[in-house]
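Note that the structure is predicted; figures quoted are calculated from it, not measured. Proteins get letters first, then strands, A, B, ... in listed order; numbering begins at 1 in each.
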Amino acid sequence: MASERVAIVGIGQTEHRATNDGSIAGVVRQAASRALEDARMDWADIDAVVIGKAPDFFEGVMMPELYLADALGAVGKPMFRVHTAGSVGGSTALVAQDLVAAGLHERVLTVAFEKQSESEAMWALSVAMPFQPPMHAGAGGYFAPHIRSYIRRSGAPDHIGILVALKDRLNALKNPCAHLHEADITFDSVRDSIMLWDPIRFSETCPSSDGACAMVLTNERGGDAAAAEGRAPAWVKGTAFRSEPTMFAGRDQVNPRGGQECAADVYKQAGIDDPRADIDCVEMYVPFSWFEPMWLENLHFCPEGEGWKMVEDGVTQLDGDLPVDMSGGVLSSNPIGASGMLRFAEAAMQVRGQAGDHQVPDARTALGHAYGGGSQFFAMWIVGAQKP
Amino acid sequence: MKMRDVAIVSFAQTHHERATRELNEVEMLMPILSEALAGAGIGKDRVDFVCSGSSDYLAGQPFSFVVTLDAFGPWPPISESHVDMDGAWAVYEAWVKMQLGKVDVALIYAYGKSSPGDIRRVLSRQLDPYYLGPLWVDSVALAALQARAGLDAGAFSVEDMARVAAASRHNAMSNPYAQLSGEVDVADLLAEADFVAPLHKHDCAPVTDGAAVVVLAAGGAARELCDRPAWIRGIDHRIEPHALGARDLTTSVSTRLAAEHAGLGAKPVDVAELHAPFTHQELILRRALGLDEDVSVNPSGGALCANPVMAAGLIRMGEAARRISSGKADRAVAHATSGPCLQQNLLCVLEGD
Amino acid sequence: MTDISLPERLRGAEPVRSIRTFARLEYAYTPGRAASRFLNQVTNKRLVGQRCPVCEKVYVPPRGSCPTDGVPTEDEVELGQSGTIVSFCVVNVPFMANLMEIPYVGALIQLDGADIPIMHLIQEVPYDQVHMGMRVEAVWLPDDEIGPTLESIVHFRPNGEPDAPYESYKDNA
Ligand SMILES: [Zn+2]
């Protein structure tokens with residue numbers, strides 16, 4: 001039974017913006033070309049392409065991989081399309097990693113994208129179904145009650161969400177690819193921003209972005225070759241994904257079991273006993289600021305109910321003990337289909353030491369995290385600087 | 001490279017029909033999920049991985065697959081994935097995961113209800129959004145273009161095409177799940193009016209609501225769950241350019257490539273289940289695969305007798321596997337396609353012990 | 001990356017920055033058997049959930065299967081017209097095409113007899129007085145406007161009962 005070591009040797013992304021003037025193919029190709037350039041490879045070097053995004057309604061193109069085959073140099077190759085929920089960028093990277101791990105391909109290009117400007121995201125997400133309960137408030141309205149439940153359970157003070165938003169937006173200032181660059185952001189400006197979906201303020205929500213992310217994954221030989229040329233690869237040390245139903249009686253939507261089990265699985269594979277001590281930084285999927293303390297607990301970085309204390313103590317700041325969302329996170333850039341892969345890519349950039357101004361010194365082990373649906377789909381990987 | 005042995009050990013499908021007006025997708029799937037698990041003699045707790053294929057554009061709803069997962073009941077949390085491709089590609093994803101040794105039993109389902117929308121218009125949304133999409137060229141028109149190219153090149157004749165239709169309907173008479181079946185006369189078919197010239201109505205697959213489920217098992221588990229597992233000896237898929245002008249429509253390069261990589265040519269096959277929604281596409285596929293005259297092609301009646309989009313390719317795998325498990329065949333090939341004019345193709349070679 | 005430059009004669013041309021192509025697709029949705037039964041009862045101003053034969057939880061609105069057991073829910077259970085606010089959010093975004101005056105409250109309401117909350121609007125109470133545990137009741141459209149949709153309930157409003165204890169709804173909060 002084959003199980004090859006997998007290395008990330010190329011990473012590319014677009015500058016995420018409200019509107020990218022390129023075509024859909026142009027946006028995807030820009031990220032992919034940058035990943036290839038980073039990997040010192042050409043299109044012909046790639047054996048297979050794995051592309052992900054969701055849902056297709058965002059751009060008005062059904063199965064866009066068909067139209068994108070030409071632009072991604074996939075002609076004559078296997079091209080695989082992943083379509084999970086908000087976690088899709090993560091799930092896509094995991095399928096690519098499996099192709100290499102199984103020994104089927106040596107060099108796989110994986111891409112995820114979104115052009116939210118191509119159509120109305122709010123519209124695309126709320127096609128009115130005549131017989132389903134009416135949607136009253138969009139995604140924020142869906143998640144706000146869960147956040148309220150978290151606050152009720154944990155007794156977290158109101159300013160926690162503000163601290164997270166401020167931290168992520170300040171981190172984004174160090175990341176040229178981030179969509180939001182709010183140089184004059186302050187605690188007060190976040191606090192005073194309009195309360196959209198109480199308890200979620202405007203400055204505690206993610207933007208709508210156009211953008212794409214791409215990675216080149218190779219087997220051990222490819223990873224070693226990159227290392228020999230002085231281009232440190234990131235090595236995959238564990239991968240996991242879990243799903244559970246959207247709603248069921250007694251479902252814990254604040255600390256979902258699927259996320260807990262997914263984390264436990266990926267830590268086990270990576271030989272991590274104490275995530276707080278063994279992981280150097282985390283890039284997690286936080287579309288509303290309060291999800292940072294919630295996920296800190298879900299991912300076993302602290303006991304239940306204490307995630308907000310890590311935030312308050314500054315542990316998750318870029319210079320903290322466990323930096324979280326060094327890139328500025330989803331709160332600063334949100335090309336939805338690519339957002340999961342951006343988390344995975346940032347984790348890999350950190351252990352490769354290529355994160356520039358948002359680099360965590362000596363990051364050796366990092367967690368990339370994505371989730372989707374009603375906090376019910378999870379995808380994670382652990383990457384490390386050291387070959388496992 | 002030595003791959004891990006993985007087999008199709010169980011298969012179930014719906015009774016395909018033009019429109020399942022009473023059932024939503026969950027209700028359509030639940031009975032066949034149970035049937036497929038029962039066929040393998042297992043409960044859902046034995047399943048290590050679930051993967052499904054479906055399309056939001058068919059359902060007319062974003063993230064439509066999320067609700068459908070409730071038909072399986074993913075609790076406690078499961079390892080699960082979804083592709084916006086035919087379920088045959090979901091089998092591919094599962095097969096890859098099984099190579100890594102973490103998954104011994106996988107359940108794959110796919111479903112498509114074409115009845116809510118206008119399938120020809122819906123499929124036009126697959127086209128290049130800048131140049132072709134705005135023209136609303138529909139799926140039948142594109143296939144007609146391909147048929148015309150083949151006819152003009154002398155690759156096949158309208159009689160050849162009608163013979164495919166007649167043979168499919170004949171074969172489907174022994175398939176209780178088929179939507180269309182019966183003895184039809186080639187001359188009668190040819191006497192019918194053109195539909196989208198040069199295609200007649202009989203050249204086109206019907207519009208179908210339906211679903212299918214396949215259970216995969218690896219190594220010892222496969223032997224435990226099935227008397228005669230249909231072993232996957234090779235599986236591969238390839239894509240061609242989207243721009244029709246950049247392709248030779250009279251042949252299928254990607255099918256031939258996938259066949260090479262799946263090792264189809266090593267030995268002759270007894271059965272070929274080909275996912276051809278149009279008669280001329282079956283002819284193109286037969287030729288691309290180099291199938292001998294004595295190969296039984298689409299003994300189920302194929303997609304021309306029931307074409308639940310997103311599941312039709314998975315059904316080809318199930319039908320091929322069923323013939324191996326029942327001992328009627330020793331080696332079979334199943335094919336699935338996606339995109340306009342056979343743009344993307346998957347091949348799976350199956351064998352009995 | 002390769003730099004692509006325009007030929008000389010196109011240098012002055014205005015770039016096409018976007019094209020608008022409208023896509024309209026129409027669908028006829030099928031609610032399915034379970035939802036049909038539920039919606040038919042809604043036209044009689046009754047809320048009828050369905051019990052899972054395996055875990056015995058009562059689901060509303062029923063979708064055809066128990067999400068955890070994957071089996072059909074067939075046993076019907078009439079639910080109360082009142083329920084408890086499990087959690088909620090105050091909306092300040094003009095989301096519903098400005099149909100609602102903001103701020104308004106969207107809440108998860110666990111109907112009496114159900115094991116899962118539904119999402120609906122809370123009205124007839126100042127938004128800043130809405131709280132977890134608040135008891136509310138359904139307000140229906142006039143009889144001649146009632147149809148097979150949950151929108152036949154205009155909103156929920158406080159029913160005057162004392163708050164439900166946290167313990168009684170915390171499984172869903
Ligand atoms: Zn149940």
Side-chain angles (χ1 to χ4, degrees), chain B residues 19-34 37 43-45 47 50 56-61 64 66-78 107 109 113-136 209 213, chain C residues 4 14-42 49-76 95 114-119 148-150 171-172:
Chain B
T20 50
R21 294 241 183 267
E22 283 191 7
L23 305 182
N24 65 20
E25 283 83 347
V26 168
E27 291 166 336
M28 190 166 78
L29 271 167
M30 258 187 305
I32 58 168
L33 283 166
S34 308
L37 288 170
K44 67 173 183 161
D45 56 322
V47 176
V50 173
D56 283 352
Y57 269 86
L58 281 190
Q61 218 189 333
S64 53
V66 172
V67 180
T68 317
L69 187 55
D70 286 357
F72 178 79
W75 189 257
I78 60 169
L107 180 137
Y109 65 85
K113 284 184 69 168
S114 295
S115 63
D118 175 344
I119 184 69
R120 287 168 66 181
R121 275 175 70 82
V122 168
L123 288 176
S124 78
R125 302 300 84 202
Q126 287 182 335
L127 303 173
D128 178 317
Y130 304 100
Y131 291 138
L132 279 172
L135 304 177
W136 292 89
D209 285 0
V213 183
Chain C
I4 300 169
E14 181 90 6
V16 178
R17 295 217 175 270
S18 77
I19 54 170
R20 286 185 77 76
T21 57
F22 295 92
R24 182 180 177 82
L25 295 170
E26 289 190 20
Y27 294 89
Y29 296 111
T30 303
R33 279 185 189 140
S36 294
R37 287 216 299 271
F38 172 79
L39 294 170
N40 281 327
Q41 294 288 9
V42 165
Q50 292 183 5
R51 192 190 308 276
C52 170
V54 179
C55 65
E56 301 196 330
K57 298 292 183 190
V58 175
Y59 280 92
V60 64
R63 295 162 194 276
S65 75
C66 169
T68 56
D69 295 303
V71 298
T73 53
E74 275 160 7
D75 186 14
E76 300 201 329
F95 179 79
D115 287 303
I116 189 160
I118 59 168
M119 190 94 189
T149 158
L150 266 176
D171 280 355
N172 284 314

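- A 4.5 Å side-chain heavy-atom check between C:Val71 and C:Pro53 finds at least one atom pair inside the cut-off.
- Taking every heavy atom of both residues into account, C:Ile118 and C:Pro61 meet most closely at CG2-CD, 3.7 Å.
- Distance check, rounded to the nearest 0.5 Å: CG of C:Leu25 to CG of B:Leu58 gives 11.0 Å.
- Taking both residues in full, the closest heavy atoms of B:Gly43 and B:Leu37 are given as O-CD2, 4.2 Å, listed atom of the first, atom of the second, then distance.
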What are the sub-3.5 Å donor-acceptor pairs between chain C and chain B, distances to 0.1 Å?
from	atom 1	to	atom 2	distance (Å)
C:Arg24	O	B:Arg121	NH2	2.8
C:Tyr27	OH	B:Tyr57	O	2.4
C:Ala28	N	B:Pro116	O	2.7
C:Tyr29	OH	B:Gly60	O	2.4
C:Pro31	O	B:Asn24	ND2	3.1
C:Arg33	N	B:Glu22	O	3.2
C:Arg33	N	B:Glu27	OE1	2.7
C:Arg33	N	B:Glu27	OE2	3.1
C:Arg33	NE	B:Glu22	OE1	3.1
C:Arg33	NH2	B:Glu22	OE1	3.2
C:Ala34	N	B:Glu27	OE2	2.8
C:Arg63	O	B:Asn24	ND2	3.4
C:Ser65	OG	B:Asp70	O	2.9
C:Thr68	O	B:Lys44	NZ	2.7

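- Across all non-hydrogen atoms, the minimal contact from B:Leu29 to B:Ala71 is CB-CB, 4.0 Å.
- Pairing each heavy atom of B:Val26 with each of B:Val67, the nearest pair is CG2-O, 3.6 Å.
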Worked verdict on C:Val42 versus C:Thr149 for side chain to side chain contact (heavy atoms under 4.5 Å, CB included): CA-CA 7 Å; C:Val42 165; C:Thr149 158; over 6 Å; no
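- Within the 4.5 angstrom heavy-atom criterion, no atom of B:Leu135 approaches chain C.
- Using a 4.5 Å cut-off between heavy atoms, B:Val122 contacts chain C through both its backbone and its side chain.
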